[in-house]
A.B. asks: 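Encoded as structure tokens, here's the structure I'll be asking about.
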Amino acid sequence: MEIKKNISLKSYNTFGIDVVAYAFVEVSSIDELKDVLLDNNQPILILGGGSNLLFTKDFEGIAIKNNLKGITVVSENEDEVYLKVGAGEVWHEFVLFCIENNYAGIENLSLIPGNVGASPMQNIGAYGVEVKDVITAVEAFDLKDYSIKTFSNQMCDFGYRSSIFKTSEKGNYFITSVTFKLSKQTRINTSYGAISGELESMNISNPTIKDVSTAVINIRLSKLPDPKKIGNSGSFFKNPIVSKIQKNKIIQNYPDAPNYLQPDGTFKMAAGWLIEKCGWKGKRIDNYGVHDLQALVLVNYGGAKGSDIFKLSEQVIESVKTQFEIVLEREVNIL
Ligand code: FAD
Ligand code: EPU
């Protein structure tokens, strides 16, 4: 385990921002993590796949790249399987492993970049499924007293793009593994309209979980930029949740505004639509801008500074606030 000094983080974040970490180390076990923490009392940054981060400056501390691997069957019966998965496993590779073994439940979350360990952080979600639907436990290393703690699903307090690891316990834990409950009986979820449309155009009427995964991948590739080609962190903002009164006010002026009723009677509005209506979609400023196919995604065309992209996000927030009286919240973690 080698601690490197003054390392560029450009290849460790999907935005491709070129900042330097004063120290950098990769850990493959909890013992290695402990050794690093005992020998260093500088600020730490836990790095997964770097796909939900925007660096606005150099990191004056030690970046710890999580390489804790392994997939273990904890228990199983005819209907379901419990898998304990190392936090450093690549999320999409884990999805493919499940599809290969016919374990249903996360096929709708195909092709989301990043690691398994970050999946509970913001309760990743896509195409009608959130990872909270299949998580039974999160094991984490307590960065204050160096003990291992186990969080049940309920203790994680999952919400839309949220969990205690992103709110009240932010910065307090290093997630080491996640346990998932998956189904051995195929339970297809095509509630998200675009999936059934895509399956139809693939001429599939009785889809397997692999078919659903392929449909999701096709849809994602058609609108989200590939970080290997254009730097980005997926949705830069969360979709805002508004009251019925606020939603109706917008609908009065814009009857086509997408909105989704939530179980508590509030409405989720589409941030991408709001940003597009403010004229930002496809706007390019020097080497960064707003993606031309999905206005919720800010992009680095190469060589942009994180601080410039952050400033752009402030301008976007300001114009959505002026036009719609809605304050967008960032989904991406700003450093
Ligand atoms: P990182 O970016 O490395 O880290 C994110 C945060 O979690 C940081 O604060 C980091 O310090 C912390 N962290 C990471 N690992 C740990 C750990 N083991 N313990 C404690 N803290 C940790 N997200 C969705 O929800 N749905 C989508 O559909 C989606 N699509 C995307 C598409 C693209 C093209 C891109 C680039 C991103 C997309 N995202 C999406 C966002 C991103 O993929 C997810 O948030 C993902 O879970 C981030 O994982 P990561 O390993 O890259 O985390
Ligand atoms: N829309 C526009 N203009 C745009 C973008 C979207 O009008 O530029 C409209 C679409 O036409 C649609 C609605 O907004 O009516 C919603 O768009 P889409 O289905 O593309 O989803 P989204 O709300 O923009 C969310 C997640 C994505 C996730 C998809 C699919 C958030 C913040 N984003 O995007 O997650 O993949 O749904 O489920 O919730 C991420 O979190 O990084 C991410 C990519």
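Order of listing sets the numbers, starting from 1, for every ligand and every atom in it.
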A.B. asks: Does I219 reach the side chain of Y192, with side-chain heavy atoms less than 4.5 Å apart?
C.D. replies: no
A.B. asks: Between N232 and ligand 1, which part of the residue brings a heavy atom under 4.0 Å of the ligand: side chain, backbone, both or neither?
C.D. replies: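 For N232, backbone and side-chain atoms both sit under 4.0 Å from ligand 1.
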A.B. asks: Measure up the W91 and F94 rings against each other and bin them: parallel (under 30°), tilted (30 to 60°), perpendicular (over 60°).
C.D. replies: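 The arrangement is perpendicular - the two ring planes meet at more than 60°.
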A.B. asks: Report yes if some heavy atom in the side chain of Y146 is under 4.5 Å from a heavy atom in the side chain of F141; otherwise report no.
C.D. replies: yes
A.B. asks: Heavy atoms under 4.0 Å from ligand 2: which residues qualify?
C.D. replies: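 These residues qualify: A126, Y127, Y160, R161, Y192, R220, K223, G234, S235, F237, K238, N239, P258, Y260, A270, G272, W273, E276, K281, Q294, A295, L296, E331.
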A.B. asks: Closer than 4.0 angstrom: is that true for some heavy atom of R220 and an atom of ligand 1?
C.D. replies: yes
A.B. asks: Just to be sure I read this right, does ligand 1 sit under 4.0 Å from the backbone of T14, its side chain, both, or neither, counting only heavy atoms?
C.D. replies: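 T14 to ligand 1: side-chain contact only, backbone stays beyond 4.0 Å.
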A.B. asks: Check whether I124 and V332 end up in the same hydrophobic cluster, where Ile, Leu, Val, Met, Phe, Trp and Tyr are linked by side-chain heavy atoms less than 4.5 Å apart.
C.D. replies: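 No: no chain of side-chain contacts under 4.5 Å links I124 to V332.
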A.B. asks: Taking 4.0 Å as the limit for heavy-atom contacts, which would you say applies to S51 with ligand 1: side chain only, backbone only, both, or neither?
C.D. replies: both
A.B. asks: Of the side chain and backbone of F165, name the one, both, or neither that has a heavy atom under 4.0 Å from an atom of ligand 1.
C.D. replies: neither
A.B. asks: Answer yes or no on whether K268 is positioned over the face of Y160, meaning its NZ or CZ is under 6.0 Å from the six-membered ring centre and within 45° of the axis.
C.D. replies: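 K268 over Y160 ring: yes.
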A.B. asks: Can you tell me how the ring of Y254 sits relative to the ring of F324, calling it parallel under 30°, perpendicular over 60° and tilted otherwise?
C.D. replies: tilted
A.B. asks: Among V90, N66, N333, which one puts a heavy atom closest to atom 9 (O) of ligand 1?
C.D. replies: N333
A.B. asks: Let me confirm one number: the CD-CD1 distance from E198 to I204, rounded to the nearest 0.5 Å.
C.D. replies: 9.0 Å
A.B. asks: Nearest to atom 18 (N) of ligand 1 by heavy atom, I175, L45, L143: which?
C.D. replies: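 Nearest heavy atom to atom 18 (N) of ligand 1 lies in I175.
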A.B. asks: May I ask you to check whether D18 and S8 show a side-chain donor-acceptor distance below 3.5 Å?
C.D. replies: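 Yes - a donor-acceptor pair under 3.5 Å links their side chains.
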A.B. asks: Which residue pairs satisfy the ring-ring contact (aromatic ring centres under 6.0 Å, His included) criterion with at least one member in residues 20-42, sequence neighbours excluded?
C.D. replies: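 Residue pairs with at least one partner in residues 20-42: Y12-F24.
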A.B. asks: Going by atom types only, do S319 and W280 share a side-chain donor-acceptor pair under 3.5 Å?
C.D. replies: yes
A.B. asks: Does S235 come within less than 4.0 Å of ligand 1, judged by its heavy atoms?
C.D. replies: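 The answer is no, since S235 has no heavy atom less than 4.0 Å from ligand 1.
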